[in-house]
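Following: one structure in structure tokens, then a few remarks.
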2 protein chains.
Amino acid sequence: MLTIVSESAERALTSRLRLAVVRLNRRLRAQRTNSSVTLTQISALSCLHKCGPLTPGELAAKEGVQPPSMTRVIAALEELGYASRSPHPSDGRQAIVALTDDGRAYIEADISAREAWLDKRLAELDDEDRAVLARAADIIDRMAGNQN
Amino acid sequence: MLTIVSESAERALTSRLRLAVVRLNRRLRAQRTNSSVTLTQISALSCLHKCGPLTPGELAAKEGVQPPSMTRVIAALEELGYASRSPHPSDGRQAIVALTDDGRAYIEADISAREAWLDKRLAELDDEDRAVLARAADIIDRMAGNQN
DNA sequence: CACAATGGTTAGCATACCTCACTAATATGT
DNA sequence: ACATATTAGTGAGGTATGCTAACCATTGTG
């Protein structure tokens, strides 16, 4: 139960959380076998969907990766027809990356299918466990999102 | 499918949990830049430390990876002097992977240093958030299907 | 004793990060 | 105004981590 966290459990939290995240991440990546869109690309698409058009640099910062890594992701999304690159109106160095209609349709309609595995696992939990995970997702996002 | 227990936050749990895990995993991997031991290797070392000597196949099963993936991890750990491979006493096909003294010293004394980043983030949370993460780690581990 | 099953490794492929170095565009300082 | 510095993005190359398929070597069984 939630009320008391034992001393030993508390001490091992760092290790346990790390291992849990590493392993769940592994499982999630393994689930996308017959999809042409990778987990990283989905993550970037989600970001564009949530935030609207962004420059490559902004997108890299929000995803917490270096700009060169994002360049490749954007190129792949463009290739797939899910994102477009247009010139920045006032700064010739920058570019604007936006979802295409296809990209929007994909992220809105198709992601849930690719999340079927996780969705099924979540459905097997009780409401209380789901509530814990919902809170944990927020906490983790804050921790991972804070630079440094 | 998911039972909606609390409006919009709950509805997107699958997406949010996935993104949170992907991003925290990314951060954790990024923390080990000046270390020669990678996250995957640490995970395997932890497993050996907790379970004692294992065959490569057992280790792969516990970590939830395929045997060929574990072969590489074991080779790296052997190269580093943190694990040793010895022949199985009764079955010539199998091998026994065990921590060396160096490996034990490493896993016991040094891991916490490599977890400093996460440890610091966790220390910034309040007790309630930590409790949520502790429960979440257990739930996630169960979902990811880790046989202990 | 031939031969299938088992355990492990090798080879080759894909994804996803990184850093370093480069180009192009913009801002700055004398 | 023009040379120089800074900034944004990209390309090249490297590492880590997973996979499957194919391959030995050993084991155990008919």
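Every value quoted in this text rests on a predicted model; they were computed, and no experiment measured them.
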Inset, instruction - Could you tell me whether A/R135 and B/E128 make a salt bridge, using a distance below 4.0 angstrom between a side-chain N and a carboxylate O? - result: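 Counted as a salt bridge, because a side-chain N and a carboxylate O are separated by less than 4.0 Å.
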
Inset, instruction - In plain terms, say whether B/R130 and B/D127 are close enough for a salt bridge, that is, a side-chain N and a carboxylate O under 4.0 Å apart. - result: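 Between B/D127 and B/R130 there is a salt bridge, with a charged N closer than 4.0 Å to a carboxylate O.
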
Inset, instruction - Assign A/A95 to base, sugar-phosphate, or nothing according to its heavy-atom contacts below 4.0 angstrom with the strands shown. - result: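 Result for A/A95 = sugar-phosphate.
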
Looking at [options], which one has an atom nearest to any side-chain atom of [X]?
X	options	result
A/T71	D/dG9, C/dA25, C/dT9	D/dG9
B/T40	C/dA11, D/dA25, D/dG18	D/dG18
B/R93	D/dT27, C/dA16, C/dC18	D/dT27

Legend entry - Donor-acceptor pair, side chain of B/R26 and main chain of A/E63, under 3.5 angstrom: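 Here the side-chain-to-backbone pair exists.
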
Inset, instruction - Give a yes or no answer on whether the side chain of B/S46 reaches the backbone of B/I42 with a donor-acceptor pair at less than 3.5 Å. - result: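 Side chain of B/S46 to backbone of B/I42, a donor-acceptor pair under 3.5 Å: yes, one is there.
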
Which whole-number value in Å describes the distance from [X] [atom1] to [N] [atom2]?
X	N	atom1	atom2	result
A/R26	D/dA16	CZ	C1'	12 Å
A/L39	D/dT17	CG	C1'	14 Å
A/L80	C/dT15	CG	P	11 Å
A/D91	D/dT7	CG	C1'	8 Å
B/I96	C/dG7	CD1	C1'	12 Å
B/M70	C/dT9	CE	C1'	14 Å
B/Q41	D/dT15	CD	C1'	11 Å
B/Q66	C/dG8	CD	P	13 Å

Inset, instruction - Report yes if a donor N or O on one partner sits less than 3.5 Å from an acceptor N or O on the other, where the partners are the side chain of B/R72 and the base of D/dG18; otherwise report no. - result: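 Counting by modelled atom types and ignoring angles, a donor-acceptor contact under 3.5 Å is found here.
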
Legend entry - Any B/L80 side-chain heavy atom under 4.5 Å of B/Q41 side chain: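 In short, these two side chains touch, coming nearer than 4.5 Å.
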
Legend entry - Heavy-atom check, side chain of B/R27 versus side chain of A/V21, under 4.5 Å: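 With C-beta onward as the side chain, the pair stays apart.
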
Legend entry - Nearest-nucleotide 5' precedence on DNA chain C, A/S90 against B/Q94: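 Result of the comparison: B/Q94.
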
Inset, instruction - Working to the nearest 0.5 Å, report the span between CD1 of B/I96 and CG of B/L54. - result: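 Here the rounded value is 8.0 Å.
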
[N] phosphate, OP1 or OP2, under 4.0 Å from [X] side-chain N/O:
X	N	result
B/R29	C/dT15	no
B/S69	D/dC19	yes
B/T38	D/dA16	no

Legend entry - Contact residues, residues 49-58 of chain A to DNA chain C [heavy atom, < 4.0 Å]: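 Residues of residues 49-58 of chain A under 4.0 Å from DNA chain C: none.
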
